[in-house]
Amino acid sequence: AVVLGMIKKQRHNSYKKELELLDREKNEIETSDIVVNYFITIASSILLLLVLLIVFPKIFDNFDNKCLKNDIIIKNIGIGLVSLILIPVVCLILIISSIGSYLGILLAILFVLFIMLSFLVADYTVGRLITNKLIKKDISKYLSGVIGIIIMFILKLIPFIGGIIIFISLIYGIGSIINIILKSRK
C-alpha cells in the first residue's frame with residue numbers, strides 16, 4: 001500500500017486522562033495501607049521476640065541479670081556508638097585486604113544482623129524496665145517484650161523525637177548485643 005500525504009499521530013484526550021489517573025494512583029498511599037503495614041511490623045517483631053525467647057532463653061536470662069542496670073545501660077549506649085563507627089571501618093579494611101576479605105564479609109553480615117536485632121533488644125529492655133518499675137512483679141519476659149515493642153513503636157511515630165528514639169535504640173541495642181557476647185566469653 002502506498003500512502004500519499006502526511007501521517008499524523010493523534011492522542012485521544014480520554015487516553016491522556018487515563019494515564020494521568022494511573023500516575024496519580026501510583027503516588028497516592030492509602031491510610032489503610034499504612035495502618036496495615038504498622039500492624040504487620042508490630043506482629044513480626046512480636047513473633048521474632050517469641051522465637052528468640054524460645055530458642056535462646058539463657059541469653060535473655062543473662063541479659064536480665066546484666067543489662068538492666070542504669071550504669072550498664074549508659075555503658076551499652078557508649079559501646080554501641082563506638083561499634084557503629086568502628087565496625088564498618090574494620091569491615092572495609094578487611095574486605096579491601098586480600099587476606100581478610102572473607103572475615104570482613106562475615107563481620108559485615110554479623111553487623112547487619114546486629115542492626116536488625118538492636119531495635120528488638122531496645123524494645124525488650126524498655127518493656128522489662130517498665131514492668132519492673134511500675135508493676136514490680138516478675139512478669140513473663142514475653143509479655144514485657146510485647147509491652148516494650150508496643151510502647152516503643154508508638155514513641156517512634158512522634159515526629160523528631162521518634163528519630164532520636166530510633167537512633168538511641170539502634171546504638172543501645174548494638175551495644176547490648178556486643179556486651180552480652182563479650183561477657184559470655186568470660
Side-chain angles (χ1 to χ4, degrees), residues 26 29 33-34 36-129 141-142 144-146 148-157 160-186:
K26 286 181 190 174
I29 298 174
D33 294 338
I34 295 171
V36 167
N37 189 27
Y38 286 152
F39 280 116
I40 289 172
T41 303
I42 291 173
S44 64
S45 295
I46 291 171
L47 181 65
L48 179 60
L49 176 70
L50 176 65
V51 169
L52 290 175
L53 282 170
I54 290 171
V55 175
F56 303 110
K58 290 189 180 190
I59 289 177
F60 283 93
D61 290 339
N62 288 340
F63 184 82
D64 285 350
N65 294 335
K66 298 176 182 173
C67 292
L68 291 180
K69 298 174 184 150
N70 289 336
D71 56 332
I72 302 295
I73 290 174
I74 302 296
K75 180 181 175 184
N76 286 345
I77 289 174
I79 290 171
L81 187 59
V82 169
S83 300
L84 191 63
I85 296 167
L86 195 60
I87 290 177
V89 172
V90 170
C91 286
L92 188 62
I93 291 170
L94 287 172
I95 289 172
I96 289 173
S97 73
S98 60
I99 296 172
S101 60
Y102 291 125
L103 182 61
I105 291 170
L106 178 66
L107 187 60
I109 291 169
L110 283 174
F111 186 62
V112 169
L113 182 65
F114 290 171
I115 289 173
M116 292 168 56
L117 291 175
S118 66
F119 297 107
L120 191 62
V121 168
D123 296 351
Y124 175 78
T125 302
V126 167
R128 288 302 278 179
L129 288 173
K141 293 176 177 142
Y142 181 68
S144 296
V146 170
I149 287 170
I150 292 170
I151 289 173
M152 289 296 283
F153 184 78
I154 292 169
L155 290 175
K156 289 174 188 176
L157 292 176
F160 184 70
I161 295 171
I164 295 170
I165 290 172
I166 289 171
F167 180 70
I168 292 172
S169 296
L170 174 71
I171 60 175
Y172 171 77
I174 290 173
S176 295
I177 293 168
I178 291 174
N179 195 8
I180 288 292
I181 290 171
L182 292 176
K183 285 186 178 181
S184 68
R185 293 188 59 209
K186 292 181 182 178

field: Audit row: Ile105, Leu94, side-chain contact (heavy atoms from CB on, under 4.5 Å) steps and yes/no
entry: CA-CA 8 Å; Ile105 291 170; Leu94 287 172; over 6 Å; no
field: Step-by-step side-chain contact (heavy atoms from CB on, under 4.5 Å) determination, Leu52 to Tyr124
entry: CA-CA 11 Å; Leu52 290 175; Tyr124 175 78; over 6 Å; no
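With rounding to the nearest 0.5 Å, the separation of CD1 in Ile168 from CD1 in Ile73 is 12.0 Å. Taken to the nearest 0.5 Å, the CG atom of Leu103 stands 12.5 Å off from the CD1 atom of Ile93. With rounding to the nearest 0.5 angstrom, the CG atom of Leu84 is 13.0 Å from the CD1 atom of Ile77. Put simply, OG1 on Thr125 and CG on Leu120 are 9.5 Å apart, with the number rounded to the nearest 0.5 Å. To the nearest 0.5 Å, the span separating OG on Ser44 from CG on Leu49 amounts to 11.5 Å. Here Leu155 contributes atom CG and Ile161 contributes atom CD1; the two are 8.5 Å apart, rounded to the nearest 0.5 Å.
Heavy-atom contacts from other residues, nucleotides or ligands closer than 6.0 Å to CD1 of Ile99 number 12 or fewer. Heavy-atom neighbours of Lys156 NZ from other residues, nucleotides or ligands within 6.0 Å: above the threshold of 12.
Taking 4.5 Å as the limit, every side-chain heavy atom of Ile79 sits out of range of all side-chain heavy atoms of Leu182. Side-chain contact between Phe111 and Val90: absent, with no pair of heavy atoms (C-beta onward) separated by less than 4.5 Å. Two residues are said to be in side-chain contact when any heavy atoms from C-beta on lie closer than 4.5 Å; Tyr142 and Ile46 meet this criterion. Between Ile178 and Ile87, the closest side-chain pair of non-hydrogen atoms falls below 4.5 Å. Proximity of Ile109 to Leu113: side-chain heavy atoms (C-beta onward) are nowhere separated by under 4.5 Å.
Nearest heavy-atom pair across Ser83 and Pro88 is O-CD, 3.7 Å. Pairing each heavy atom of Ser176 with each of Asn76, the nearest pair is OG-ND2, 3.1 Å. Shortest non-hydrogen contact noted between Ala108 and Cys91 is N-SG, 3.4 Å.
Among Ile54, Val55, Leu53, the one residue that satisfies the side-chain contact (heavy atoms from CB on, under 4.5 Å) test with Val51 is Val55. When the options Ile174, Ile171, Asp123 are evaluated for a side-chain contact (heavy atoms from CB on, under 4.5 Å) with Ser118, the one that passes is Ile174.
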